[in-house]
Amino acid sequence: MTITLTHFLFISAALFSFGLYAVLTRRNAIMVLMGIELILNSANINFLAFSRFGGMNLEGQMAAIFVIILAAAEAAIALAIVLNIYKRFNTVNVDEISYLKD
Amino acid sequence: MLPELTIALVILFLPLVSFVLLIFFGKRFTEKSGLIGTTFLGIDLLFAIYILFAKLATDTVWDFTFTWIDFNTIVNQIPLKLDIGIMVDSLTAVMLVVVTLISFLVHVFSLAYMKDDVRYSRYYANLGIFTFSMLGIVVTNNYLLMYVFWELVGLSSYLLIGHWYEKKSASDAAKKAFIVNRVGDLGFFIGIMIVWMQYSTTTYTGIFSAIGNGNVPFDSNTWLTAAGLLIFCGAIGKSAQFPLHVWLPDAMEGPTPVSALIHAATMVAAGVYLVARTFPMLTADALMVIAYFGAVTAFISATIAIVQNDIKKILAYSTVSQLGYMVMGLGVGAYTAGVMHLVTHAAFKAGLFLASGSVIYAMHHALHHLNDHHTDAQDVRFMGGLRTKMPLTFWTMTIFTLAISGVPLTSGFLSKDEILAGTLAFSHFTGHSIIPIIGFFVAGLTAFYMFRMLILTFMGEHKDAHRIEHIHESPRVITVPLMVLAALSFFVFFSFNPINASQGWFFHNVEYPVISVPKTVASTPTEEFVEEIHHQHTTAMVLSVAISGLGILLAFVTYYWKKISADAFERALKPLHTFLYRKWYFDELYDATAVAATLAVARILAWFDGTVVDGIVNGAAWLTKIGAVVSGKFDSLVVDGLVNFTAFFAGMMGQTVQKVQTGKVQTYMIFAIVGLMVLLALYI
Amino acid sequence: MNLYEIIFYFFAAITVGSAAIVVFSRNIVYSAFALLFTFFGVAGIYVLLNADFLAITQLLVYVGGILVLLLFGVMLTTNTVSLDVKPGSLNVLPAVSVVAVIAGLLGGVYWTSDWFVSTQMGELMNQTTSKEIGNALITTHVLPFEIASVILLVAIVGAAMMARREKVN
Amino acid sequence: MELKILNIGVLTWLTFLPIIGMIIVLLLPKEQKTAVRWTSLVFTLLQVVLAFLVFIKFDRSMAGVNSADTMQFKEVFDWINVKSTGWFGSIKIEYFLGIDGISMPMVFLTAIISCIAVISSWTIEKSIKGYFALLLLLDTGMMGVFVSLDFFLFYIFWEVMLLPMYFLIGVWGGPRREYAAIKFFLYTLLGSVLLLLAMLALYFSVTIIDPASGEKIHTFNMLAMMNPANYEPGSILSGVSTSWRYLAYIAIFIGFAIKVPIFPFHTWLPDAHVEAPTAISVILAGVLLKMGTYGLLRIGFPIFPDAAMHYLYPLAFLGFINIIYGAFCAMAQKDFKKLIAYSSVSHMGIVILGMAAMNTQGMLGGMLQMFNHGTITAMLFLIVGVIYDRTHTRGLDDFGGLMNKMPKYSGVMMIAFFAAIGLPGLSGFISEAFSFLGAFQTFRWLTIASAFGIVLTAGYMLWTLQRVFLGTLPEKWNDLTDINARELSMLIPLAIIVIVLGVYPNLMLDVMNASANTLVDFVKGSAGATIIN
Amino acid sequence: MLETIINNLSNIQAEVIITVTLCVVLLVHLIDRKNTSLLTLISAAGLAVAMYILSGAVGVNSSAFSGMLSIDPFATFFKIVIVLATLVVVVMSRFSDEVNAEKKTIGEYYFLLLSMCLGMMFMVGASNLLMMYLTLEMSSLSSYVASGFTRKAKDSSEASLKYLLYGAFSSGVMLYGISIVYGLTGTLDIVGINQMLMQGSASPLALIVSSIFILVGFGYKISAVPFHFWTPDVYEGAPTTITAFLSVASKAAGFAMMMRAFKVMFIDSSVMNLPEGTWVFIQGVHIQNALMILSVLTMTLGNLVALWQDNVKRLLAYSSIAQAGYMLLGLVVLSNDGFSAVMVYFAVYLFMNLGAFYVVMLIANKINSEHIDQYRGLGKRSPLLAVALAVFLISLTGLPPTAGFIGKWMIFLSLINAKMVVVAVIGVLNSVVSLYYYVRIIRNMFLRDEQSATIEPFKFPLAQQVLLLTLLIPTLYFGLFFNQLVEFAQMSVQMFGMK
């Protein structure tokens, strides 16, 4: 048996699920961010796999590049925000930062 | 328009003018207002008399009809008009005189009687509006207009009964009178609706001719009967027939002259007049029912009258009884007799009231002079022996009493035994012999209680020797009307034959109308009936004289010679006495049933409205319960009502949904994912 | 079981395994470092997918940039006394169920559905993609490229603004 | 009939005079209280004058109802005209005013009542500018409803009334004003949104040939909606007696029923009446309630003749319930104003019954009753207002013997009360009698049952009269003053109308007659026709 | 090569102008830290120019950057809305105390505002999933920061964090969906995707999953239930100006993108026999009823929860959720008149919602509270303000004669036209419910007198009143004369590549 598209897809599915889990459960904001990074990566794997097995059309790869760029930008801003939060609340635990609610 | 009709209109509107004058400028000419009203009525009377003679001279019926409202053509129907107008035939002419005459005399009488009343001018104004509307009833030629004036009469009676409205009893009586009459009028109105719907006209002639052509409501004679009876309902109300008679005795709360005018002579007679007008469209069944109503009324009220002590109450019940008599007369088919009794009764009953008024006037002054405020100036038990002190009043009163008891040579005798003859004839044709029996029995009762009253009031010794000193004959303005009426209570004015009126001008002019109902359901043909009356006449005469003589005798035996102790009887028949004294408990009955029910329903519905309807629409009930719990946020914006229910419901929803807004971003995400999965579930 | 497959499973193992550590580790620093391996593994998988340029970018940007940022974040936001910052995780149960469903779903999707596949591989199969990517960036994808630059500018300015220290006075 | 002033149609004047007044009032400085009052008075008076002019010039022979040619004082302009884009017919909304026998009396009534409302508001002190501005705005809204023949326009005016009413009750009302105000607001809004949907459904079902462009367009023109030929085959409301049409009719009906108010949608009324200041109660009872019935006559019946005929009996039955139910509820009230509020529920029931009769007498009776009830209830509320101003209580049991203390007042009161009882010679009788006469021909037993209402009415009215005016005066009211000139000036005109119409109803009837006949004819006819095919 | 780029650029002059402006703002602020008014001026000027250019571009219907971006009336309409909104917000910010308190970073503030605007302008034109993702992220990133602009304030910071996490998460999911779509079709260009899908080879399960995943992203942007949870918290926490901007512009952009994506990607152009101006979704992605459910949920939940809010900003947040629900109805209809209705709605929504927030901001400046009880007696203290707010709220309720009514009216018009009566009924009933809480504010302003005795009337500089009127007048004007507006909307419905 050889490595098919599906193999890669399953990896991405796994990553996505892990990422989702992290996002949903971990209290530490930074962990949540990590989870989001995982999700993005899983998406990227999809793009590349599809582009590879879809006859090597570059569109997927281009998409992946921009995703990476965005991930970087997002990480920067996220970090800034988290730091700011830490300044204000002296914690980065998402669940403790819940003053705005009904 | 014919000159006579113009005059009729003048007669109609003069009292209105006096009303308008007095209502607006009454304040201006305070004590003159009485005179003004009286003069107007005087002129009115003259015109009326003129009309009467003019009418007697000719047989033509003066009729004038014009279109009041034109509905233009209606969908697939003939052009619909609402015609109204006035008409003067013999009946009208007679009634015109009766009304104006009594009214005039009452005006005069009141000059003295009401002299120092707080609302003197208002009183005369109201007399004016009453006379106007009463005349209206008489002259109109269609049911709609009659209904209009019918109601106006009700209004003026309301105003006059409630003239001393500071007294709760007075305002109660007024209210009662109006509402009870409304009940009757309801039937009247429904009758009119049937007629209007069927014939799209309300003029008598139009309707009767239509019926004559065999056109009956909803093609069923039953409905024709129903229509007749429904219209008769109006009479039941106005003429205080059983079971709606309860208002009339209370109406005595009004000033005595008013009682004389409205509640003895004219307005209450309007019902009889109505029946007379409707006569041509009454089927045999209808007439039968009417006859029984009349008989029952006559009987019940006569029995009540026996035991009453208030002089006006006695007269009131005698009035009811006499009205029952008239209705019975019409019911059995003795048309002219009934109408004639209406006229004669008007005279002597008005007289009786005015006379009693005179007595009360005297008593009142005496009591006032002694400033005795406990003794009831109207209670016969405190009177007696007034004969010497006020002879005029006494003699006139005697004449009236004789007349009402149907003693020969009086007008009452003539009309009464015509009616009795009629009842006999009726029983001969239909076999309903109970009617004449009641008739004669009541005749006896009448004689009895009337003389009881007379004796207790005028004869024997006065109960309070001290008081008798201060009782004087009333002034002329009071006695003159009495004398006039007394004169009119003699037979000559109605027929020169003292024992049989059927040759008199009255019978000659006010003849039976043409019955227009289909033969199948019609009552006995007129000529047969008249024939039979002639046969029965002598019997009736003899019987009635005998019976009333008996009654008079009994009265004397009991109350003058005291051979029989009335008290003993009273004690012996205590239950019966109380039963009669409490007027057969009619008021109690009605209060307990109709009134109570109405008010109860009203309260229940009001509660229902406040709670349940609001509740169903609003869920207010919910709110009050649960609203309290959440009222923290549930401020007054979230009102009860639809608002509350929805808002409450919405609020609950809102709150539950709100719960998920925990402020924890990851919870949000979970919800988002769940939502996503739900959406997917829609498709997978 | 040729070399390709071996490498694949190797990288796959690294990726998934370290990802698992990232997610489940109680210690945030461990997670951070585990993340490094994940990125590395992903890069490897990129290579297997003939995306050499992407693999490099992945290493540069993620490992070199993002990860460092995250580590900074960890350092700056944890009082150095105990590295173990409240690791706790909340609403595990719902999360687990949800994630399970999603994972199953994706699995199902990937297993069943047939994708846009073309067997004829372009000449790109056996040469670097950087040239084409470069071309694309200034021809077809020039607009995204520009936008990306603006985004980066926004990111820089925004981050600077957010994170700048206000004077204490 | 045409009547232009400064080349602007008289109906426009009628409708927008108050707006001008409002603007002036708003521009006046806050201190100028009297100026504010007088401006409002002047403008409403002008309105009355114009209304009277229209009344005079009104051509009695022209029917209107469903034919634009016999509509009078017409004004038609394009208001909104969105050019059609291929996939979407052009939206064309006309500024279409016109009156016929149905609306004429209402226009007249509105003018009078508004004017009287202004007079009776003379004593308002609290932020008077706002008050009169809103009052005038309300006036425009009401007038607009009665003159507009374009459904969209109608709806706009219909809704424009809500807000002023909300504020007038909510700011100047009694203790529970907030509650009453919002309740009124929500009820009526609920009704009008249903109306909106029905309106849209109609819009898409009706197409006419646009005279300008010659292409088929949808329209909001009510008159076009009345013509079955204009209904696009296959459209939602096309066909006859379809369930869609019934639904639409019911939606419309509820919309109007809430305004009337018809049981069980009436519960907003007592609260609103009790809390509202006198002038507003007068407007509410005098004009607003009529909009419901007017709406049925103008829209419900002629646009949905089939549904109208189909639901005739239920309608009559609701009328019956209103009559009896309202009367009973009134009987149980302790609060003078509430009692009158319920009495208007009862009296509006008569209107419904008369309309449901679907024959000339009934229709005329109903329409006349609309006008008469407007005047009579206005009087009653004013009467309550007078006594309330003096004593600040409305409890029926707190009074008695006012007849002696305030003779003039009592005189007017008598007229109002007996008119309400339906005493002949006063306007109430004619309309009630005709309503019943008409209804009797269609619903025999129902009408007989309803007729008991007149006994009940007499009952509670006289009882009230006795409790308040007869008997002896309580000590505390010894220093009551009789009605003053201002109050007379608003009561007398109404009293005159009541009496005149009582004696010579033709004054109003011949205005309505042609329209009523045509309406009945049209509804029956087209319903019949539609039932055939 | 070069000239293609040049004439491509000529298509996006407006965007270029904005870009230039934002750089200039940044630089100016670096040079002169004091002069804040200059920044306002520059940004306003830039936006004005952009506006001018856009007005020139009306009616252009073409595509640029090799199909990445379509320059069509649809896009232009929304661009105008967005630029207008930005313009208003820029001026608003001038008057906002909480913004001007942050002297140091005021430059960044305008920079962020403009960058948001820029991102959104690209969003509405994006016709390539990659572009969509990019631009969405662009506007999001700047809004994360912007909502945390007053970073000293706790609530603001919290808002930014929540916004960030939630946004990143949703866009991540969306991206994943995009990747799957890419897998199914082998392209990211929406037209191409549509062609591929029309071949019907795509497996339905994957298709539906991916489209729902993408929907998550859109739903987050337009804050549709159940992806709305961030909205109240962020709206409450963020500076009022930003809240206002998000509630209008970002919603508009989201809608535009969503409408374009769904219409272009999923339209089934093979189905003929449809009434003109309507269409259907391709077999397998008939997400129409999904959208319907979303819209009903959104408006209902928004209204119901809004009943309970005592913080006016939060209340308006929920109301804006409800409004999104109404707009979604217009989308559900799947017809041009539905779309044009949505566009009209946005046009009027722009004025009324910005107006409402503006008044809230002005009041907050004075009494620095947004609690509903603080609004008591406002009718006395500042009639103009109170009346204006009342009008805006009534317009939001959708009562004539305000513009809001026209918006709702158009929506229901399209619904009834599509015979979707039930949904329409739900809609109108919702608007009745919504009356409660809008009127609640009005009641506090007019019917309730202030408990504290200190009733000194508020004074507002002329400039602020002018802005108020510029928002107020259209709200009333369009209520009665919406001719041009509707025509413009109907004209602008057409998208590039669509018939």
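- Each of A:V32, A:I36, A:L40, A:L20 has some count of heavy-atom pairs under 4.5 Å with chain E, and the biggest count is that of A:I36.
- Atom CZ of residue A:R88 and atom CG of residue E:D155 lie 11.0 Å apart, to the nearest 0.5 angstrom.
- If you take CG on E:L130 and CZ on A:F66, they are separated by 6.0 Å, rounding to the nearest 0.5 Å.
- Contacts of E:L164 with chain A are made by side-chain atoms alone, with heavy-atom separations under 4.5 Å and no backbone atom involved.
- Heavy atoms closer than 4.5 Å to chain A are found in both the backbone and the side chain of E:I180.
- Contacts of E:Y318 with chain A are made by side-chain atoms alone, with heavy-atom separations under 4.5 Å and no backbone atom involved.
- With values rounded to the nearest 0.5 angstrom, E:E137 atom CD is found 12.5 Å from A:I69 atom CD1.
- Minimum heavy-atom separation, E:L141 to A:A73: CD1-CB, 4.1 Å.
- Here the shortest heavy-atom pairing between E:S179 and A:N46 reads OG-ND2, 3.1 Å.
- Using a 4.5 Å cut-off between heavy atoms, E:T187 contacts chain A through both its backbone and its side chain.
- Judged by distance alone, with hydrogens and angles left aside, the side-chain atoms of E:Y176 form no donor-acceptor pair with the main-chain N or O of A:I39 at under 3.5 Å.
- Both the backbone and the side chain of A:Y99 come within less than 4.5 Å of a heavy atom in chain E.
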Carefully, step by step, assess E:N128 and A:E59 under the rule side-chain contact (heavy atoms from CB on, under 4.5 Å). CA-CA 11 Å; E:N128 175 310; A:E59 217 162 341; 4.0 Å; yes
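- The CD atom of E:E158 sits 11.5 Å away from atom CD of A:E96, with the distance rounded to the nearest 0.5 Å.
- Contacts between E:F213 and chain A at a heavy-atom distance below 4.5 Å involve the side chain alone, from C-beta outward.
- Checked options A:I81, A:N84, A:I85; the residue passing with E:R151 is A:N84 (criterion: side chain to side chain contact (heavy atoms under 4.5 Å, CB included)).
- To the nearest 0.5 angstrom, E:L188 atom CG is 5.5 Å from A:F47 atom CZ.
- Atom CG of E:L175 and atom CG of A:N44 lie 7.0 Å apart (nearest 0.5 Å).
- Between E:Y182 and A:G60, the shortest heavy-atom contact is OH-N, 3.0 Å.
- Residue A:I97 touches chain E through both its backbone and its side chain, counting heavy-atom pairs closer than 4.5 Å.
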